[in-house]
Q: 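Sharing a structure with you now.
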Amino acid sequence: MHDNINIQHAAASNSASSGIPPSPPISDEIIIQTKKLNKSFGDKQVLKDIDFEVRKGEVVALIGPSGSGKSTLIRCLNALEKADSGDIYIHGQKLNPHLSVKQLSPIRRELGMVFQHFNLFPHMTVLQNVIAAPLLVRKMSRDEAIALGESLLAKVGLLDKRDTYPSRLSGGQKQRVAIARALAMQPQALLFDEPTSALDPELVGEVLRVMKDLAYEGRTMIVVTHEMFFARDVSDRVVFMDSGSIIEQGDPEELFRAPKQKRTQAFLERMLAHLTLA
Ligand code: ADP
Ligand code: MG
């Protein structure tokens with residue numbers, strides 16, 4: 001497991017190389033923690049004794065081959081899947097498998113989810129999509145929700161699309177709305193599961209730019225991604241998973257330059273070969 005000094009060093013070296021001001025330091029406060037998490041589908045074990053933690057302000061890139069268990073891990077954190085054994089703590093609260101949907105709700109609200117497919121409500125405008133949950137779940141006043149929604153749309157560069165319906169937006173714009181919608185619940189952490197994988201290549205950059213801004217603002221984020229440059233340049237820590245286990249994790253620059261495990265080396269070689277061909 002990483003100690004805090006290394007993580008801060010990683011954040012500092014990232015920004016030094018990219019000329020971007022250093023992001024706020026990572027605190028000791030643990031936002032997400034799993035202990036010996038196990039999950040099987042039928043007789044296939046998909047998560048094997050996963051010990052994982054994310055601190056406040058930390059950006060963790062979760063990488064690994066398709067089928068390695070990345071989505072299952074993210075889905076367990078948000079109680080979309082139930083682990084078979086092990087413990088999950090979200091901001092200190094235990095995700096007890098016996099909790100009712102109602103009891104789970106305040107814990108799940110701590111995490112904002114952004115998926116590959118944006119799942120916007122087609123019958124609502126962009127602004128309505130962003131403020132629906134704050135109005136319903138957070139019981140925010142309408143004026144307050146609109147002000148928040150507009151500020152978040154400005155943040156993702158889409159204030160001019162406020163009254164547009166999702167069907168009129170490009171994939172990149174839809175995903176930026178989905179990010180604004182996740183932020184509107186003011187979550188402790190944002191969980192992204194391959195947010196750019198469904199996008200046409202020319203639309204990937206605009207979404208990654210928004211995510212990069214959030215990272216440099218000091219947001220706590222887990223990003224499952226195949227965007228290796230994003231993982232290397234923006235995250236504070238890279239976690240490599242294969243066959244349901246965390247094989248290796250650490251400083252992004254170090255892990256990409258000199259992966260210690262054979263499986264990490266093989267995966268990165270495949271990913272980088274693919275990049276140079278593209
Ligand atoms: P990744 O996100 O790394 O591609 P997943 O977590 O989606 O991996 O999947 C891990 C393994 O679990 C895969 O073999 C996948 O087929 C299997 N799996 C995922 N979800 C289910 C499900 N609901 N039912 C059965 N098998 C599943
Ligand atoms: Mg997945």
Side-chain angles (χ1 to χ4, degrees), residues 32-54 59-88 90 95 97 101 104 108 111-119 171-172 174-175 178-179 182 189-201 203-204 207-208 211 221-232 234-235 237-250 252 255-256 259 261-275:
I32 293 168
Q33 185 171 37
T34 74
K35 290 184 181 169
K36 298 245 170 298
L37 206 63
N38 285 285
K39 171 78 182 169
S40 297
F41 290 113
D43 56 11
K44 186 178 165 70
Q45 195 173 356
V46 172
L47 296 178
K48 299 172 187 164
D49 283 339
I50 299 286
D51 289 321
F52 177 68
E53 60 179 43
V54 180
V59 178
V60 175
L62 186 52
I63 64 170
S66 173
S68 55
K70 307 179 298 295
S71 294
T72 305
L73 175 57
I74 294 278
R75 290 169 59 80
C76 284
L77 297 178
N78 197 30
L80 291 170
E81 294 286 356
K82 258 186 198 162
D84 300 328
S85 66
D87 295 316
I88 301 175
I90 305 296
L95 257 196
V101 171
L104 276 175
R108 297 176 77 172
L111 306 176
M113 304 289 294
V114 178
F115 299 99
Q116 188 172 336
H117 298 286
F118 335 106
N119 309 324
K174 283 183 198 164
Q175 194 57 301
I179 293 172
L190 291 165
L191 274 44
F192 296 83
D193 193 355
E194 296 200 32
T196 59
S197 294
L199 300 176
D200 290 336
L203 302 177
V204 168
V207 174
L208 292 181
M211 293 169 60
M221 296 162 57
I222 302 176
V223 185
V224 175
T225 188
H226 293 299
E227 295 291 336
M228 293 296 118
F229 290 124
F230 182 88
R232 188 195 60 190
V234 180
S235 73
R237 174 160 53 105
V238 175
V239 173
F240 171 67
M241 271 183 82
D242 193 13
S243 306
S245 301
I246 293 178
I247 305 295
E248 180 167 359
Q249 59 178 314
L255 188 136
F256 277 91
Q261 302 296 325
K262 280 225 152 44
R263 279 199 266 181
T264 322
Q265 289 165 11
F267 173 75
L268 290 178
E269 268 167 30
R270 280 203 306 279
M271 293 306 284
L272 298 172
H274 167 80
L275 276 179

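When reading the values below, keep in mind they use all heavy atoms of this one structure, side chains included, and skip hydrogens, waters and symmetry mates. When a ligand or atom number is given, it counts from 1 through the structure's own listing order.
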Q: Suppose I only count heavy atoms of S68 and a 4.0 Å limit; which atoms of ligand 1 are within that range?
A: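 By the 4.0 Å cutoff, the relevant atoms are 1 (P), 3 (O), 8 (O).
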
Q: Would you say Q261 and T264 are linked by a side-chain donor-acceptor pair, where the criterion is simply a distance under 3.5 Å?
A: no

Q: Please list the nearest protein heavy atom to atom 7 (O) of ligand 1 with its residue and the distance rounded to 0.1 Å.
A: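 Checked against all protein heavy atoms, atom 7 (O) of ligand 1 sits closest to S71 CB, 3.7 Å.
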
Q: To the nearest 0.5 angstrom, please state how far the CD1 atom of I50 sits from the OG1 atom of T34.
A: 6.5 Å

Q: Nearest 0.5 Å please: distance from the OG atom of S71 over to the CD atom of E81.
A: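 If we round to the nearest 0.5 Å, S71:OG and E81:CD are 10.0 Å apart.
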
Q: Specify side chain, backbone, both or neither for T72, according to which of its non-hydrogen atoms lie closer than 4.0 Å to ligand 1.
A: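 The part of T72 near ligand 1 is both the backbone and the side chain.
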
Q: Please round to the nearest 0.5 Å and tell me the distance separating atom NE2 of H226 and atom OG of S197.
A: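 One finds 5.5 Å between NE2 of H226 and OG of S197.
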
Q: Quick test: of every protein heavy atom, which one is nearest to atom 8 (O) of ligand 1, and how far off is it to 0.1 Å?
A: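 Here the closest protein heavy atom is G69 N, 3.2 Å.
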
Q: Check whether any protein heavy atom sits under 4.0 Å from atom 27 (C) of ligand 1.
A: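 Within 4.0 Å: yes, protein heavy atom nearby.
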
Q: Give a yes or no on whether S71 keeps an N, O or S atom under 2.8 Å from the Mg ion (ligand 2).
A: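 True for S71.
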
Q: Could you tell me the residue and atom name of the protein heavy atom closest to atom 17 (C) of ligand 1, and the distance to it rounded to 0.1 Å?
A: F41 CD1, 3.9 Å

Q: Near P65, which atoms of ligand 1 are under 4.0 Å from a heavy atom of that residue?
A: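 Going through ligand 1 atom by atom, the ones under 4.0 Å from P65 are 3 (O).
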
Q: Hey, is G64 one of the residues with a heavy atom under 4.0 angstrom from ligand 1?
A: no

Q: Could you tell me the residue and atom name of the protein heavy atom closest to atom 4 (O) of ligand 1, and the distance to it rounded to 0.1 Å?
A: G67 N, 2.6 Å

Q: How long is the gap from CE on M113 to CZ on F192, to the nearest 0.5 Å?
A: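 Taking CE in M113 and CZ in F192, the distance rounds to 10.5 Å.
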
Q: If you measure from NE2 on H117 to CD on Q175, what distance do you get to the nearest 0.5 Å?
A: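 H117 NE2 to Q175 CD: 10.0 Å, rounded to 0.5 Å.
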
Q: Is the shortest distance from a heavy atom of G244 to ligand 1 less than 4.0 Å?
A: no

Q: Nearest 0.5 Å please: distance from the CG atom of L272 over to the CZ atom of R232.
A: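 Those atoms lie 8.5 Å apart.
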
Q: Less than 4.0 Å between atom 24 (N) of ligand 1 and some protein heavy atom, yes or no?
A: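 Within 4.0 Å: yes, protein heavy atom nearby.
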
Q: Work out whether the distance between some heavy atom of E194 and some atom of ligand 1 is less than 4.0 Å.
A: no

Q: Quick one: does ligand 1 sit under 4.0 Å from the side chain of K44, the backbone, both or neither, non-hydrogen atoms only?
A: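 It is the side chain that gets close, since no backbone atom is under 4.0 Å.
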
Q: Look at atom 3 (O) of ligand 1 and say which protein heavy atom is nearest, naming residue and atom and giving the distance to 0.1 Å.
A: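 Here the closest protein heavy atom is K70 NZ, 2.8 Å.
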
Q: Can you tell me if D193 and Q116 form a side-chain donor-acceptor pair at under 3.5 Å?
A: no

Q: Judging by distance only, is a nitrogen or oxygen of V46 under 3.5 angstrom from one on ligand 1?
A: no

Q: Could you check whether any side-chain N or O of K39 sits under 3.5 Å from a backbone N or O of L73, counting only pairs where one atom can act as donor and the other as acceptor?
A: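 Here the side-chain-to-backbone pair does not exist.
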
Q: Regarding D87 and K36, does a basic nitrogen lie under 4.0 Å from an acidic carboxylate oxygen?
A: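 Salt bridge flag = no for K36 with D87.
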
